[in-house]
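It should be emphasised that the depicted structure is a prediction, and the values quoted were computed from it without experimental measurement.
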Amino acid sequence: RIRRLSAGPAETVPAPGFPPQRAPRGASVGLALARLARLIPAAVAAPVDLDAEPASDAVASGEILSVELDEVTQLIGAAGACVRRVSEAPVPLPDSLDSRFILFREIYGLAEHVAVVVGAPEDWPDPVPVRLHSACFTGDLFGSLRCDCGEQLEASMEVFRARGGGVLVYLAQEGRGIGLGNKFRAYTLQESGLDTIDADEALGFGADERRYEMAAQILGEVGVQRIDLLTNNPGKVAALEAAGITVVRRSALHGRLNPHNLPYVRAKVQRAGHWLGDMLSQELSGD
């Protein structure tokens with residue numbers, strides 16, 4: 001199928017000469033692997049008799065990898081669900097000199113996540129302020145006006161300082177889990193009139209590819225169970241509660257509304273159900 005791009009929402013239409021049909025399981029698993037690798041999910045699937053030459057010779061030599069679909073499915077399901085504590089170090093921050101960075105690595109992949117522990121645990125309030133922050137190269141490092149990520153990151157650190165500490169879990173899930181390269185592709189599609197969700201779907205991804213099992217495990221590793229979650233995303237609340245973390249309270253984090261992030265914020269409110277109505281009612285800042 002083809003995604004037709006226009007000034008309005010993306011429209012899915014049948015490709016000429018290729019009537020739509022349900023993908024076989026092997027193709028579906030291949031697409032899932034592509035998403036896991038942060039690649040544009042596209043695959044060519046064809047039946048192959050692995051017992052017949054030359055396929056059997058290629059399998060025997062290792063030129064072609066033969067793997068059971070159930071094994072691949074198990075790998076995809078486990079990816080990101082288990083992390084291992086790798087290293088840590090004290091990292092003094094402005095106004096938060098007693099801060100520690102702890103790195104965790106997914107045991108079934110190469111993604112690395114960081115817990116930023118602010119303050120001494122014995123001084124933390126109950127519930128502990130916690131922020132799950134997905135990496136945003138453009139917003140966190142360069143202050144991009146297309147999103148409010150950098151502002152939320154700064155605001156969460158201010159909350160930790162004001163309340164005597166907390167934990168920020170910095171997750172390697174750029175672009176809501178589609179990766180930096182695809183995030184840039186989605187930005188280009190948004191210039192044609194698509195909103196952030198339609199752009200991701202036009203590339204073959206879901207509205208939000210992020211997962212939070214690893215975040216719950218990281219919180220457990222640093223001794224946090226009862227939290228005040230700093231978020232506007234109901235999905236984060238539900239995911240942590242499902243993983244056994246007690247979300248005692250939810251606190252909002254709002255950035256500044258501007259002409260560049262208005263479509264992004266509007267899509268999050270109207271299509272993803274984020275609690276950003278107050279932000280959407282702000283007057284636009286900037287030119």
Side-chain angles (χ1 to χ4, degrees), residues 1-6 8-84 105-113 134 171-190 192 194-214 235 239 242 271-272:
R1 295 173 74 80
I2 295 175
R3 301 288 286 183
R4 176 184 293 159
L5 307 182
S6 64
E11 179 185 358
T12 304
V13 297
F18 296 93
Q21 56 184 313
R22 184 175 297 278
R25 185 176 176 223
S28 297
V29 170
L31 292 175
L33 273 177
R35 292 189 182 94
L36 185 63
R38 309 295 191 262
L39 302 174
I40 291 180
V44 176
V48 176
D49 184 358
L50 296 181
D51 295 324
E53 295 182 355
S56 60
D57 294 337
V59 171
S61 67
E63 183 180 353
I64 293 179
L65 174 65
S66 177
V67 61
E68 296 293 333
L69 292 181
D70 286 343
E71 293 179 324
V72 180
T73 302
Q74 290 173 9
L75 171 66
I76 294 170
C82 297
V83 294
R84 178 178 292 114
R105 182 175 294 137
E106 296 180 4
I107 65 174
Y108 296 112
L110 298 178
E112 295 178 332
H113 313 286
S134 297
L171 299 167
Q173 300 194 124
E174 180 80 46
R176 291 196 303 276
I178 68 175
L180 188 59
N182 290 318
K183 173 180 173 178
F184 290 162
R185 293 185 177 102
Y187 277 175
T188 300
L189 292 177
Q190 289 171 38
S192 71
L194 302 187
D195 67 22
T196 180
I197 292 176
D198 280 334
D200 287 357
E201 292 181 345
L203 293 173
F205 295 96
D208 193 335
E209 295 283 343
R210 291 175 295 181
R211 298 172 59 176
Y212 299 106
E213 302 98 318
M214 75 289 283
R271 303 195 60 190

**Q** May I ask you to decide if Gly175's main-chain N or O and Asn182's side chain share a donor-acceptor pair within less than 3.5 Å?
**A**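 Not at all, since once roles are kept as given, no pair shorter than 3.5 Å links the two residues.
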**Q** Counting only N and O atoms by type, is there a donor-acceptor contact under 3.5 Å from the side chain of Glu209 to the main-chain atoms of Gly206?
**A**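 Here the side-chain-to-backbone pair exists.
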**Q** I'd like to know if the side chain of His113 pairs up with that of Glu106 as donor and acceptor (distance under 3.5 Å, no hydrogens or angles considered).
**A**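 There is such a pair (donor and acceptor under 3.5 Å, judged by atom type) between the side chains of His113 and Glu106.
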**Q** Atom CD1 of Ile64 and atom CG of Asp57: how far apart are they, to the nearest 0.5 Å?
**A**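 Going from CD1 on Ile64 over to CG on Asp57, the span is 10.0 Å.
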**Q** Report yes or no: do Tyr187 and Arg185 form a side-chain donor-acceptor pair below 3.5 Å?
**A** no
**Q** Please assess Asp195 against Gln190 for the test side chain to side chain contact (heavy atoms under 4.5 Å, CB included), listing each intermediate value before the final yes or no.
**A** CA-CA 6 Å; Asp195 67 22; Gln190 289 171 38; over 6 Å; no
**Q** Has the side chain of Ser192 got a donor or acceptor atom that lies under 3.5 Å from a matching backbone atom of Thr188?
**A**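 A pair under 3.5 Å: no.
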**Q** Determine the minimum heavy-atom distance between Pro41 and Ala34, stating which atoms define it.
**A** CA-CB, 3.8 Å
**Q** Supply the atom-to-atom distance Leu189 CG to Glu201 CD, rounded to the nearest 0.5 angstrom.
**A** 12.0 Å
**Q** Locate the shortest heavy-atom distance separating Ile40 from Leu203; write the atom from each residue and the value.
**A** CG2-O, 3.7 Å
**Q** Going by distance alone, is a donor N or O of one side chain under 3.5 Å from an acceptor N or O of the other, for Arg176 and Ser134?
**A**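 Short answer, no.
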**Q** Examine distances only and state if a side-chain atom of Asp198 and a backbone atom of Leu194 form a donor-acceptor pair shorter than 3.5 Å.
**A** no
**Q** So which heavy atom on Arg25 is nearest to which on Thr73, and how close?
**A** NH2-OG1, 3.4 Å
**Q** Is there side-chain contact between Arg105 and Val83, with at least one heavy-atom pair below 4.5 Å?
**A** no
**Q** Indicate yes or no: does Asp200 engage Lys183 in a salt bridge with an N to O separation below 4.0 Å.
**A**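 Salt bridge between Asp200 and Lys183, a charged N being under 4.0 Å from a carboxylate O: no.
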**Q** Could you tell me the separation between the CD1 atom of Ile178 and the CZ atom of Phe184, rounded to the nearest 0.5 Å?
**A** 10.5 Å
**Q** Tell me if the CZ atom of Arg84 is crowded by more than 12 foreign heavy atoms within 6.0 Å.
**A**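 For Arg84, atom CZ is not crowded (no more than 12 foreign heavy atoms under 6.0 Å).
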**Q** Taking atom CZ of Arg271 and atom CG of Asp208, what is their separation to the nearest 0.5 Å?
**A** 13.0 Å
**Q** About how many Å separate CG of Asp51 and OG of Ser56, when rounded to the nearest 0.5 Å?
**A**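 These two atoms lie 7.5 Å from each other.
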**Q** Say you draw a straight line from CZ of Phe205 to CZ of Arg38; how long is it, rounded to the nearest 0.5 Å?
**A**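 Interatomic distance, Phe205 CZ to Arg38 CZ, rounded to 0.5 Å: 8.5 Å.
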